[in-house]
Amino acid sequence: RAQHCHSGSRVVIQRQSLRSLRRQLRARRRPRAMFSCCNAPPSDADLIVPSVGGSTIIAQAVPATSLDDPMEAQPSPEADAFKKKMVAAGLSDAFIKQWLALYADLQAGSTGMIPESTISPVETLPSFDDIQGTAARPELLKETVVLKLNGGLGTSMGLEKAKSLLKVKGEMTFLDVLAKQVLHLKKQQDVKFMLMNSFSTSDDTMGFFRSNGEYSPLVQDTDFELVQNKAPKIDAASMNPVDYPANASLEWCPPGHGDLYAALMGSGKLDSLLAKGYKYMFVSNSDNLGATMDLSLLTYFAAQQAPMLMECCRRTPADKKGGHLAKTKDGQLILRESAQCDKSDEAAFQDINRHKFFNTNNLWLNLPMLKDAIDRNGGFLPLPIIKNSKTVDPRDASSPSVIQLETAMGAAIASLPGSAAIVVPTSRFFPVKSCDQLFAIRSDAYQVADNGNLELADKGRAAPVVTLDSKLYKLVDQMETLAPEGVPSLRDCSSLTVQGKVVFGKGVVVTGDTTVKNTKDAALVVDKSPVTGEVTDETLAAAAPPPAAAPAAPATFTVVLKKSSPEQKYGFTNNLDKATNSLYVGKIIDTGLMYAYNQTAPQDKKILVGMTLASVNGSTDPKTMRDSLVQESTVTLVLQPKVE
């Protein structure tokens, strides 16, 4: 409607919508305030606000403070109650301003939705490959901060502690992997490392680093920890702060990773970093082990003189439900999350050929430009609202309904004009947001390199896509019942879908595109390899038994044994049956025969039984063979199947 008002027309805006409109105009978003046009000439007291679509909008004069500072505006009784609660909790002015701005949007009727009709697809972006020929500038590292977002509890996966303390590869947690990455990087340049913890993850995370001697030097930096703010939950019925005496801590929730900007500003760390000469910051999620410092990207970002550079990947069918990059009709890059898409636009949202790129949440920030943008906007960075409807106790569906207001860090691309994006390989995006992804990363399809980087074991293959039954394996403890003796091999697997109760046996190998389906109450045990195609109890039952072993054909087997010391004796000397020259061997390792059992050993421990010792070092004489086994440091045995 604003775009249809002719230049010079007078716009009368409902008072409660004016602050919301101003923020939306600053962020170059589609205006949502309710207003009407009138033809009376503007007066000197009228306020000129930014241009939209080339037409100047003139609004009736209101006190400037109600436009520039939501802390100074005349708040509604509900907003005043929230402000008092946040002040009492010791939250910073920067965060309170940002949250009250979101609440004003909510009161004005904003849903945070971004209709498909208001955006256009992003057709092309520069690529990571395009910048590889540029000479890297390692001196930029001393001006750069690496910050990991570590505020998540992983509640969607059934966790009640920092998700980063979850074991991801063997005994290594996310924090182990991150620490190894940083320590490896510090051997090249003393790069500053920071964590943004939440009020829920701070104690566990800091305890982890302080208790590990190898990692403890990292916490000695006074800038090491940036603590995320906490946001008040809104009682959905009254729009007041929710009151939950049963557990007062549940009256608060994380504000989303968009809180990074308010946390940096409100804590004073942004000013501190600038004073110390830091210009750039690389930010990524702690559960994305592919997001590592890359000097070519840092060099490219510094040359662009952009306030933000967003790393994007091409969307695949597995990414269709996640957010995507788009642009407004005037070309401004924006980010649209699934929570900002109306049901009617879902088909377009999930069209990966239309909206081709998604945000990896690997962001590069120009700190001086970020500070300027915050100052221009009255001490906070305006971000689109994300509205989530939940219950105050997420584990109790009968507890009071609440609204949680969140923001996305990447959405700042619309609030920082001149920001850019670049397409990076999927090797920079290994997140764990679900048990599906954790199951895949725990498999042998992934490995941790010496520098701490997580990578595909076979770089030429695409990552396996795992889809587990969400009713049975949504939570980590449920997922671990799926493979109690270890995740099956997925190195040669393209996709694995599990439907129903299934248990994978030890050492199972899954290949190609595989679906394991069980419709019965009892778990389907899959313990034979390879597993591929469609697998059900019927197909397992119908599988032909393994062919009977063919009669042993006359053949010889040569085994070379070496002593580790001259005093060592081959432990199977007494197992040579003089009458039959039969050697009974119990265990085999990669280097050959380790030791043997005597002829009275349990039959199930005789891996090679009834083998005839044809010669030792070329001799067939029993005494010479025995002497060679005792005296020689290296012996060559020729074995052949015993003929009954």
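Between Q340 and L335 there is no side-chain heavy-atom pair separated by less than 4.5 Å. Side chains of F193 and K148 form a contact here, defined as non-hydrogen atoms less than 4.5 Å apart. The shortest distance between side-chain heavy atoms of L166 and D287 does not fall below 4.5 Å. R315 has its side chain out of reach of F357: every pair of non-hydrogen atoms, C-beta onward, lies at least 4.5 Å apart. Within the 4.5 Å cutoff, the side chain of D345 has heavy atoms near those of the P115 side chain. You'll find the side chain of L325 reaches within 4.5 Å of the side chain of L125, heavy atoms only. Between F430 and N288 there is a side-chain heavy-atom pair separated by less than 4.5 Å. With a 4.5 Å cut-off on side-chain heavy atoms, L309 and Y300 count as touching.
Residue-environment remark: NZ (K276) exceeds the threshold of 12 foreign heavy atoms within 6.0 Å.
Between the side chain of R137 and the backbone N or O of L298, no donor-acceptor pair lies under 3.5 Å. Checking side-chain atoms of T426 against main-chain N and O of F429 turns up no donor-acceptor pair under 3.5 Å. Of the possible polar contacts, none joining the R442 side chain to the V487 backbone as a donor-acceptor pair under 3.5 Å is found. The closest donor-acceptor contact from the side chain of K169 to the backbone of S443 lies under 3.5 Å. A donor-acceptor pair under 3.5 Å is formed between the side chain of K186 and the backbone N or O of V191. Side-chain atoms of S495 never come within 3.5 Å of backbone atoms of D513 as a donor-acceptor pair (strictly under, hydrogens ignored). In terms of modelled atom types and a separation under 3.5 Å, the side chain of D458 and the main chain of G460 share no donor-acceptor contact. In this structure a side-chain-to-backbone donor-acceptor pair under 3.5 Å is present from N362 to R428. K279 contributes no side-chain N or O that, together with a main-chain N or O of A302, makes up a donor-acceptor pair within less than 3.5 Å. When atom types are taken as modelled, the side chain of K329 and the backbone of I119 share a donor-acceptor pair closer than 3.5 angstrom.
Exactly one of L195, L147, L149 qualifies for a side-chain contact (heavy atoms from CB on, under 4.5 Å) with L226. That residue is L147.
Ion pair K371/D271 flagged as a salt bridge, since at least one NZ, NE, NH1 or NH2 atom sits closer than 4.0 Å to an Asp/Glu carboxylate oxygen.
Using modelled atom types and a 3.5 Å distance limit, the side chains of T515 and Q499 yield no donor-acceptor pair. Inspection of the S344 and D342 side chains reveals an N or O donor paired with an N or O acceptor under 3.5 Å.
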What's the verdict on side chain to side chain contact (heavy atoms under 4.5 Å, CB included) for K387 and I403, showing C-alpha distance, side-chain angles and the deciding distance? CA-CA 7 Å; K387 175 185 173 183; I403 297 171; 3.8 Å; yes

Please test K167 against D176 for salt bridge (Lys or Arg N to Asp or Glu O under 4.0 Å), starting from the C-alpha separation and ending with a verdict. CA-CA 9 Å; K167 292 179 181 178; D176 283 307; over 6 Å; no

Take L289 and L178 through the side chain to side chain contact (heavy atoms under 4.5 Å, CB included) test and state the conclusion after the steps. CA-CA 7 Å; L289 299 180; L178 292 178; 4.2 Å; yes

Go through the steps to decide whether I441 and V168 satisfy the test side chain to side chain contact (heavy atoms under 4.5 Å, CB included), and finish with yes or no. CA-CA 7 Å; I441 288 180; V168 63; 3.6 Å; yes

Step by step, would you call L383 with E406 a side chain to side chain contact (heavy atoms under 4.5 Å, CB included)? CA-CA 9 Å; L383 295 173; E406 298 180 9; over 6 Å; no

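In this structure, the separation between CG on N451 and OG1 on T292 is 7.5 Å, given to the nearest 0.5 Å. A distance of 8.5 Å separates CD1 of I352 from NZ of K320, quoted to the nearest 0.5 Å. Here E337 contributes atom CD and I386 contributes atom CD1; the two are 5.5 Å apart, rounded to the nearest 0.5 Å. S284 contributes atom OG, which lies 8.5 Å from atom CD of E311 (distance to the nearest 0.5 angstrom). Note: L365 CG to Y280 OH = 12.5 Å, rounded to the nearest 0.5 Å.
A pairwise comparison of heavy atoms in R336 and C341 identifies NH1-SG, 4.3 Å as the closest pair. Across M308 and A412, no two heavy atoms sit closer than the pair CE-CB, 3.8 Å.
The ring pair (Phe, Tyr, Trp, His ring centres under 6.0 Å) test applied to F349 returns H324, not counting sequence neighbours. F199 pairs by the ring pair (Phe, Tyr, Trp, His ring centres under 6.0 Å) definition with nothing, not counting sequence neighbours. By the side chain to side chain donor-acceptor pair (under 3.5 Å) test, N150 pairs with S164, N197, T205, S286, sequence neighbours left out.
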